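Order of the sequence lines sets the chain letters (A, B, ...), proteins ahead of strands, with each chain counted from 1. If you're wondering where the values come from, they're calculated on a predicted model, not measured in any experiment. Scope of the values below: all heavy atoms of this structure, side chains included, with no hydrogens, waters or symmetry mates.
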Amino acid sequence: MADQGTSGAVTTRSAGNRPEGSGPGAPLQTERGNTTIADAVVTKVASIAAREVRGVHGLGGGVSRALGSVTQRVGMSDERSQGVSVEVGEREAAVDLTVTVEYGESVPQVSQAIRDNVIKRIEGICGLSVTEVNVAVNDLYFPGDDVPEPQQPARVE
Amino acid sequence: MPSVSVTPPPEVGGSPRVPLARLALEAALALPDVVGGEIGPHGLRVTVDAPAGLLRGVSVTAQADGRYAVDLCLTARMVPLVALSEEIRSKVQAAARHAGLADRLDTVDVDFAGVLTAADLLPPTSIVPPAGQPGQETVR
């Protein structure tokens, strides 16, 4: 496994010994037919897996979140595709994630936990071998960010 | 008025393409982890079944050896998809055997176009506001 830091880090893994019928050891191409997994499926799995990690506040940069909130309202996108970019082949997948981490958490530990969980979920659900999970931390979240500023009392009635 | 049967009549001397498409889609959709059929990114996974209408999520193509390959495009629950695709293949092959079409069935390719979580499958919740507040808001 090679870890090159937090943003743009690359993790490689071998398939290991896995039970037949699950994980990347299970064949996607068989004599009885092929199984293909759409990009949208891998995107959704990666997004949910990243959000499962403690310390991850959200996915996507400020611009993509702002655009995403607009496109969601008109039904053009799913919140869970924000901040996730995938490349899916016949047997392998590579994932790029942009995340916001909660202030106070260890960014290297959170990004490693994201990587581990994303690999585990994609291999388990999709049967694809994950070659890369690149994590870009683009913001830190403070709990006070969501609290609206108190309204100033009106100076005139 | 007499009731109209929606069961398609059996094909006589025709191609097994449509019957295979019908039984393959029915076998796949009968599994609890398969949510629905999708026409696919290019709209190709559709078969016209004259009496029943369109079969969304399946196409069947003749092979050089006289058999027919089935392509399914499906949305599923978030479960291990490779194992699910093997289960789908087994069900399709069993259904083809039951229909006497096993020797006409070639490969069964399964394409998962989407996955749904439990939250995605929840019906929209209606929130009734407290008394005195007009209106009703529906949220997902």
May I ask whether [X] and [Y] are part of the same hydrophobic cluster, defined by side-chain heavy atoms of I, L, V, M, F, W, Y residues being less than 4.5 angstrom apart, directly or through others?
X        : Y        : answer
A:Ile119 : B:Val79  : yes
B:Val46  : B:Leu29  : no
A:Leu140 : A:Val110 : yes
A:Phe142 : A:Val137 : yes
B:Ile39  : B:Leu54  : yes

Please say whether more than 12 non-hydrogen atoms of neighbouring residues, nucleotides or ligands are located less than 6.0 Å from [atom1] in [X].
X       : atom1 : value
A:Arg32 : CZ    : yes
B:Gln63 : CD    : yes
A:Glu52 : CD    : yes

Counting distance only, does the side-chain N/O of A:Lys44 pair as donor-acceptor with the main-chain N or O of B:Gly114 below 3.5 Å?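 Pair absent, no side-chain N/O of A:Lys44 close to backbone of B:Gly114.
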*Is there a donor-acceptor pair closer than 3.5 Å between any side-chain N or O of B:Asp109 and the backbone N or O of A:Gly33?*
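Flag not set: sc B:Asp109 to bb A:Gly33 has no pair under 3.5 Å.
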message = To check you understand the geometry: which heavy-atom pair defines the closest contact between B:Asp111 and A:Ile37, and what is its length?
response =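 In terms of heavy atoms, the two residues are closest at OD1-N, 4.4 Å.
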| Minimal non-hydrogen separation, B:Thr117 against A:Ile48, with atom names |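 Reported closest heavy-atom pair: CG2-CD1, 3.4 Å.
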What residue, out of A:Thr35, A:Val45, A:Val42, A:Asp39, has the most heavy-atom pairs lying under 4.5 Å from chain B?
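If we count pairs closer than 4.5 Å to chain B, A:Thr35 comes out on top.
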With chain A as the partner, which of B:Ala69, B:Cys73, B:Ala113 has the greatest number of non-hydrogen pairs under 4.5 Å?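 Winner by heavy-atom pair count: B:Ala113.
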**OP:** Using a cut-off of under 4.5 Å on heavy-atom pairs, state which of B:Leu81, B:Asp106, B:Leu105 scores highest against chain A.
**Re:**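 Looking at each option in turn, the highest pair count goes to B:Leu81.
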Euclidean distance, B:Leu72 CG relative to A:Thr36 OG1, rounded to 0.5 Å: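 Rounded to the nearest 0.5 Å, the OG1-CG separation comes out at 10.5 Å.
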**Item:** Rounded distance [0.5 Å steps], CG in A:Asn34 versus CZ in B:Arg89
**Value:**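 That separation rounds to 7.0 Å.
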* Using non-hydrogen atoms and a 4.5 Å limit, figure out which bit of A:Gln29 sits close to chain B: side chain, backbone, both or neither. =>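 Neither; nothing under 4.5 Å.
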task: Using non-hydrogen atoms and a 4.5 Å limit, figure out which bit of B:Leu116 sits close to chain A: side chain, backbone, both or neither.
output: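 The answer is both parts of B:Leu116.
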| request: Check whether B:Val115 gets within reach of chain A through its side chain, its backbone, both or neither, counting any heavy atom under 4.5 Å. | output: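 Interface part for B:Val115: both.
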Problem set entry | A:Val41 vs B:Met78, side-chain contact (heavy atoms from CB on, under 4.5 Å): CA-CA, chis, key distance, verdict | CA-CA 9 Å; A:Val41 173; B:Met78 198 162 291; over 6 Å; no
**Prompt:** Would B:Val82 and A:Leu28 satisfy side-chain contact (heavy atoms from CB on, under 4.5 Å), going step by step from the backbone distance to the final call?
**Reply:** CA-CA 7 Å; B:Val82 178; A:Leu28 288 161; 3.5 Å; yes
